[in-house]
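Working notes, structure below.
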Protein chains: 2
Amino acid sequence: MLQFTKRTEYALIALVHLVDRRGEFVSARELADRYPVPPRLVAEVLKELQREGLVDSQRGAAGGYALARPAADITLAEIVTVLEGAPLLTSCDTGFAGTAGSCEVEPTCPIRSPIHRVRDRIRDVLSHVTLESLAHPNALPMVTPTENR
Amino acid sequence: MLQFTKRTEYALIALVHLVDRRGEFVSARELADRYPVPPRLVAEVLKELQREGLVDSQRGAAGGYALARPAADITLAEIVTVLEGAPLLTSCDTGFAGTAGSCEVEPTCPIRSPIHRVRDRIRDVLSHVTLESLAHPNALPMVTPTENR
DNA sequence: CCAAAGGGCACCGATTTGGTGCTATTTGGG
DNA sequence: CCCAAATAGCACCAAATCGGTGCCCTTTGG
């Protein structure tokens, strides 16, 4: 399905909140108090992001999570990839542009290559959305000033 | 997850095959013989596309399916929408741009609006991919000659 | 008139997803 | 110095989704 998982949604809410708290460590509890998200789940998600180096964490009484890098350097593509794996579109997709992969349909598959182009376009869109642009949508244009129609 | 369902994949394979058989009715069996797809499932998917007016069907001995409209008029967005529902990205999404919807997070949700912009970009990508461009990728550029970076 | 095809629909097994339980470890503050 | 608040790490479960079939009916060409 072409939809983010709840985990990704929670991650985005949490991360955007972290943008406005540069440097401070924010606890999962605080996030769950401010937004209607299950505290344990948001913690689980943030742990995962910590393992992948997107956020720093501090344990103990005044612990919590903080962005590990500037908000402008963290892209939506990266977040999604960590939590859901790289967006593939097709099941026979090994993940990289030219790779043949182990698709049993492969030799006869008529849609493989064109669909991969679509996939790359979508990745491109996600790659150009930064945490910064999510947190401050009106600051500067999120992507190239969308004028296509 | 940011991935098509098998149903959608099968639909794309089938539909692309139909492009090259303009006018002829192609049976689900023939499709299953040519590609490694479960015949029953591909039939089920084509039935769904028929109900939505994307393909015509003919019953009886020499029956089968054929495109109901020119391949250039059928977009990937349309196919996906029929089989999976409109690409939403977020769970709180009622599907249309300005709609407030019934999201319980809504009042406090900080990512709603920017994510909707991303969603619209993705829909845009899918809207510009036609069955024709999937069937003949090299004929004319699939979308606007991608030059963004 | 029968075999081949689609129409309808219910259903099942496997996987994914959303969410929780439990326990251990760290750490700041009274 | 110890306790409360936090994260770390799993394992686990219930519900939803998804991939795929079974069954029976109707249509239709040879």
Side-chain angles (χ1 to χ4, degrees), chain A residues 1-14 18 24-33 35-66 68 80 83-85 87-92 104-105, chain B residues 1-14 18 24-33 35-66 68 80 83-85 87-92 104-105:
Chain A
M1 232 193 335
L2 243 40
Q3 187 170 328
F4 292 148
T5 63
K6 286 272 189 188
R7 284 179 130 88
T8 301
E9 289 183 38
Y10 296 154
L12 292 177
I13 293 176
L18 292 189
E24 300 177 55
F25 282 93
V26 178
S27 70
R29 162 166 298 277
E30 177 182 327
L31 290 166
D33 286 343
Y35 312 100
V37 299
R40 288 289 313 279
L41 191 47
V42 97
E44 213 66 34
V45 167
L46 284 167
K47 277 190 256 183
E48 209 167 331
L49 293 172
Q50 186 272 331
R51 282 180 220 120
E52 299 297 324
L54 292 196
V55 303
D56 289 331
S57 64
Q58 178 156 3
R59 301 171 67 157
Y65 301 90
V80 169
L83 296 177
E84 316 187 0
L88 300 183
L89 287 199
T90 53
S91 59
C92 61
E104 80 279 2
V105 195
Chain B
M1 230 193 335
L2 244 40
Q3 187 171 327
F4 292 148
T5 63
K6 285 273 189 188
R7 284 180 129 87
T8 301
E9 289 182 39
Y10 295 153
L12 292 177
I13 293 175
L18 291 188
E24 299 176 55
F25 282 92
V26 179
S27 70
R29 164 167 296 277
E30 177 183 327
L31 290 165
D33 286 343
Y35 313 99
V37 299
R40 287 290 311 282
L41 191 47
V42 98
E44 213 66 36
V45 166
L46 284 167
K47 278 190 256 182
E48 211 168 330
L49 294 173
Q50 186 272 330
R51 281 180 221 122
E52 298 297 324
L54 292 196
V55 304
D56 290 329
S57 64
Q58 179 157 3
R59 302 172 68 158
Y65 301 89
V80 169
L83 295 177
E84 314 187 1
L88 300 183
L89 288 199
T90 53
S91 59
C92 62
E104 80 279 2
V105 195

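Reminder, nothing fancy here: chain letters follow the sequence lines and each chain counts from 1. Keep in mind that the numbers below use all heavy atoms, side chains included, and drop hydrogens, waters and symmetry copies.
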task = Take A:Thr8 and B:Thr90, measure what side chain to side chain contact (heavy atoms under 4.5 Å, CB included) needs, and give me the verdict at the end.
result = CA-CA 9 Å; A:Thr8 301; B:Thr90 53; over 6 Å; no
key: B:Glu44 vs B:Arg40, side chain to side chain contact (heavy atoms under 4.5 Å, CB included): CA-CA, chis, key distance, verdict   = CA-CA 6 Å; B:Glu44 213 66 36; B:Arg40 287 290 311 282; 4.2 Å; yes
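- With sequence neighbours excluded, the residues forming a side-chain contact (heavy atoms from CB on, under 4.5 Å) with A:Ala28 are A:Val42, A:Ala43, listed by chain and number.
- Of all non-hydrogen atoms in A:Phe25 and A:Gly64, the two that sit nearest each other are CD2-O, 3.3 Å.
- Within 4.0 Å of B:Tyr10, counting heavy atoms only, lie sugar-phosphate atoms of the nucleic acid but no base atom.
- On the nucleic acid side, DNA chain D contacts chain A at distances under 4.0 Å to non-hydrogen atoms, with the end points of that region at D:dA5 to D:dC18.
- For the side-chain contact (heavy atoms from CB on, under 4.5 Å) criterion with A:Leu54, the lone passing option out of A:Leu18, A:Leu49, A:Leu46 is A:Leu49.
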Restricting to nitrogen or oxygen on both sides, can you table the protein-nucleotides 13-17 of chain C pairs closer than 3.5 Å?
none

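- Between the side chain of A:Glu84 and the main chain of A:Phe4, no donor-acceptor pair closer than 3.5 Å is present.
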Just the table, please: protein N/O against nucleotides 5-9 of chain C N/O, every pair under 3.5 Å.
residue: C:dA5; atom: OP2; partner: B:Arg29; partner atom: NE; Å: 3.4
residue: C:dA5; atom: O4'; partner: B:Gly60; partner atom: O; Å: 3.4
residue: C:dG6; atom: OP1; partner: B:Ala28; partner atom: N; Å: 3.0
residue: C:dG6; atom: N2; partner: B:Arg59; partner atom: NH2; Å: 3.2
residue: C:dG7; atom: OP1; partner: B:Ser57; partner atom: OG; Å: 2.8
residue: C:dG7; atom: OP2; partner: B:Tyr65; partner atom: OH; Å: 2.9
residue: C:dG8; atom: OP2; partner: B:Arg51; partner atom: NE; Å: 3.4
residue: C:dG8; atom: N7; partner: B:Lys47; partner atom: NZ; Å: 2.9
residue: C:dC9; atom: N4; partner: B:Glu44; partner atom: OE1; Å: 3.4
residue: C:dC9; atom: N4; partner: B:Glu44; partner atom: OE2; Å: 3.2

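- Partners of A:Gln3 under the side-chain contact (heavy atoms from CB on, under 4.5 Å) rule, at least two apart in sequence or in another chain, are A:Met1, B:Leu88, B:Ser91.
- Residues meeting the side chain to side chain donor-acceptor pair (under 3.5 Å) test with B:Ser57, sequence neighbours left out: none.
- No donor-acceptor distance shorter than 3.5 angstrom exists from the side chain of A:Gln50 to the backbone of A:Tyr65, with no hydrogens or angles considered.
- Contact check for A:Leu31 versus A:Ile13: no side-chain heavy atoms found under the 4.5 Å cut-off.
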